[in-house]
Amino acid sequence: MAKRHAAPKGTRDLLPPETAVWARVESIARRVFGLYGYREIRTPIFEETELFQRGVGEATDIVGKEMYSFVDKGGRNLTLRPESTAAVCRAYVEHGMQQLPQPVRLFYIGPQFRYERPQKGRYRQFHQIGAELLGGKGAESDVEILLMLVAFLRELGFADLRVLVNTVGDAESRAAFRGKLVEYLAPRKDQLGEESARRLVTNPLRILDSKSPEEQALLAGAPKLEESLTARSREHFARVLSSMEASAVPFRIEPRLVRGLDYYTNTVFEITSEGLGAQNAICGGGAYEGLVDALGGPPTYGVGFAIGEDRLIEVLPPSSPARDVPRPVIVRAVPWGRRLPSFAFEDADASGRFVELLRARGIPALDFEWGDAKRAYAAAEAYGSEWVVLIGEDELSADRQTIERVVLREVRTRHERRLSVAEAMDQLSETGPKALG
RNA sequence: GUGAGUGUAGCUCAAUGGUAGAGCACCGGACUGUGGCUCCGGUCGUUGUGGGUUCGAGUCCCAUCACUCACCCCA
């Protein structure tokens, strides 16, 4: 036998029936985002490496050690996208979207790539559903995008969401705070771990969300970011908080929430969920005021989020509407009737015609070759079907060219009825599976 | 990149260092002529891979790969 292959490390095949849930989650995302006036953007799956270096930031782990980079045959340095915000901003600039009525509202759905050790909820190819609002005015944009995010998650059936909000201040606030923080930590450098000691130089703010108890104890006495906020940042955050309170979406201020991407300014947020192990964030985002500018566009206010679709589906409530996937009606011609064994292929054709009638009514249906009813039940189980239609000789017309009746059986209750074709059609139209978008 | 655990049939798992098995699933047949039952039979394995110890390795040792979980970090 030839060598067998496995999906590359950190990647996986998504198979039915799970893929139907993915399709439903994405279709619900499109619907909800559409309600807020957001439209889909599809950017390339790879970009110039430099885009991410400039956009995401050299100091981030993503750029520093997690990029899938390669050189193509033309000598170009390219990278499989590790996130999509930078690409969306690149497209905004490239296509002159600042000339459209502002703000521009965009969403995207697709795979992302980061070279990391896989674990629960973390893959090298993973999928994000995200949205970006570009050219907005500030706090109200932050709130709009947060409310849309929560609306989407509620549509998916999430009841208890932990929405964490914080501000990291604008560039000026951060520069001031950075100075104070380094001033406090530098003399205490020996109390920091290796990683945090390095960050003291590269990205001191990141030390704040360290999980180490020793470092947290040390940080208890450190200057607070809040105290370094400029009046502008302070006002921005106050407006976000008051709008959020008015919205009736429960949230919590999490002062230690910093986020790992360099481009965030002012508002940052995160939504976490139980049941995901160590990787408990299903969604993160925030505002970025300098990104479009840094990518050669005009100064533009941006805010967005990214949802980890893999994680989202991992913790999807059992009752989620996204689990309402079409389960085909199983139709089978069975060897019942006194004239066996003449009952055969032409009757299987008859079942095929019945299936086409169901499909024409928008009812997903699947037929099997003539044979034992046992197979029909096995198939119903495999497809999660709720209805089985059986057609025996007695259900056919005298010349056996037409189906007059069918036996309609509900799998769950084992209750069955012998109905005319029209009655069965009506019953299935009413309570049967629908071809969902 | 670091650490721990696990690799036996498509799936779930057995097998004291001594002939690689069971259940489920799948395929075929018998039976059943309102039927998911029952019975018979069948396909599927270089025990992740490569070395070593041994008369003999699924089992012990080393390496390697993969998976899982955690660190780091993030979605």
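Within every chain, numbering begins at 1; the chains are lettered A, B, ... in the order of the sequence lines, protein sequences first and strands thereafter.
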Using atom C1' of each nucleotide, how far apart are B:G23 and B:U19 to the nearest Å?
22 Å

Nearest-angstrom distance from the residue atom CD of A:E83 to C1' of B:C73:
15 Å

Using heavy-atom distances to pick each residue's nearest nucleotide on RNA chain B, tell me which of A:E116 and A:Y377 is more 5'.
A:Y377

Between B:A57 and B:C67 - P atom distance, rounded Å
30 Å

Determine the interatomic distance between C1' on B:C11 and the same-named atom on B:A70; round to the nearest Å.
27 Å

Close approaches to RNA chain B from residues 33-40 of chain A, in residue order (heavy atom, under 4.0 Å):
none

Provide the distance between the two P atoms, one in B:A30 and one in B:C44, to the nearest whole Å.
23 Å

How far does the P atom of B:C39 sit from the matching atom of B:G48, given to the nearest Å?
33 Å

In Å, rounded to the nearest 0.5 Å, how long is the span from CG of A:N266 to OG of A:S233?
4.0 Å

From the list B:C74, B:G36, B:C73, which nucleotide is the closest neighbour of the side chain of A:R311?
B:C74

Approximate separation, where rounding is to 0.5 Å, of A:Q53 CD and A:E50 CD:
6.5 Å

Could you give me the CA-CA distance, side-chain angles and deciding distance for A:E410 and A:E386, then say whether side-chain contact (heavy atoms from CB on, under 4.5 Å) is met?
CA-CA 6 Å; A:E410 192 176 5; A:E386 294 169 305; 5.5 Å; no

Between C1' of B:U34 and CZ of A:R414, the distance in whole Å:
13 Å

If we take the C1' atom in both B:U54 and B:C61, what is their distance in whole Å?
12 Å

With heavy atoms under 4.0 Å as the rule, sort A:E416 into base, sugar-phosphate or nothing.
base

Are A:R252 and A:E254 ion-paired here, with the side-chain N under 4.0 Å from a carboxylate O?
yes

Does A:E66 reach a base, just sugar-phosphate, or nothing at all? Heavy atoms under 4.0 Å.
sugar-phosphate

Measure CD1/A:I391 against C1'/B:U34 and give the value in whole Å, please.
15 Å

When you compare the side chains of A:E144 and A:S141, does any donor N or O come within less than 3.5 Å of an acceptor on the partner?
no

So what does the secondary structure string of RNA chain B come out as, 5' to 3', with Watson-Crick or wobble pairs under 3.5 angstrom, [ ] for crossing and | for pairs with another strand?
(((((((..((((....[..)))).(((((.......))))).....(((((..]....))))))))))))....

Under 3.5 Å, which donor-acceptor pairs do the side chains of residues 305-320 of chain A form with other protein atoms, sequence neighbours left out?
unit_1 : atom_1 : unit_2 : atom_2 : d
A:D310 : OD1    : A:H127 : N      : 2.7
A:D310 : OD1    : A:H127 : ND1    : 3.4
A:D310 : OD2    : A:R12  : NH2    : 2.8
A:D310 : OD2    : A:H127 : ND1    : 3.4
A:R311 : NE     : A:G121 : O      : 2.6
A:R311 : NH1    : A:A281 : O      : 2.8
A:R311 : NH2    : A:G121 : O      : 3.2
A:E314 : OE2    : A:K120 : NZ     : 3.3
A:S320 : OG     : A:L156 : O      : 2.6
A:S320 : OG     : A:A322 : N      : 3.1

Please report, rounded to the nearest Å, how far the C1' atom of B:C74 is from the CZ atom of A:F52.
16 Å

So that I know where these two stand, are A:Y68 and A:Y115 an aromatic pair - ring centroids less than 6.0 Å apart?
yes

A:D13 CG - B:G10 P separation (whole Å)
16 Å

Residues forming a salt bridge (Lys or Arg N to Asp or Glu O under 4.0 Å) with A:D61, sequence neighbours excluded
A:K65

Rounding to an integer number of angstrom, what distance separates B:C13 and B:G56 when you compare their P atoms?
33 Å

Any residue meeting side-chain contact (heavy atoms from CB on, under 4.5 Å) with A:P44, in chain and number order, not counting sequence neighbours:
A:E47, A:R90

Between A:L15 (CG) and B:G10 (P), how many Å, whole number?
15 Å

A:M148/A:F107 under side-chain contact (heavy atoms from CB on, under 4.5 Å): CA gap, chis, key distance, verdict
CA-CA 11 Å; A:M148 179 171 84; A:F107 75 87; 5.8 Å; no

What is the distance from CG of A:L408 to C1' of B:U34, rounded to the nearest Å?
14 Å

Determine the interatomic distance between P on B:G3 and the same-named atom on B:A25; round to the nearest Å.
44 Å

Between atom NZ in A:K65 and atom C1' in B:C74, what is the gap in whole Å?
11 Å

Would you kindly compare A:E309 and A:T413 by the position of their nearest RNA chain B nucleotide and give the one closer to the 5′ end?
A:T413

Without hydrogens or angle criteria, can the side chains of A:E132 and A:Y288 be said to hold a donor-acceptor pair below 3.5 Å?
yes

Counting primed atoms, P, OP1 and OP2 as sugar-phosphate and everything else as base, the B/S/- map of nucleotides 66-71 of chain B against protein heavy atoms under 4.0 Å is -S-SBB

Looking at A:E40 and A:R42, is there a salt bridge between them, counting it only when a charged N and a carboxylate O are closer than 4.0 Å?
yes

Strictly below 4.0 Å, N to O, side chains only: are A:E395 and A:R418 in salt-bridge contact?
yes

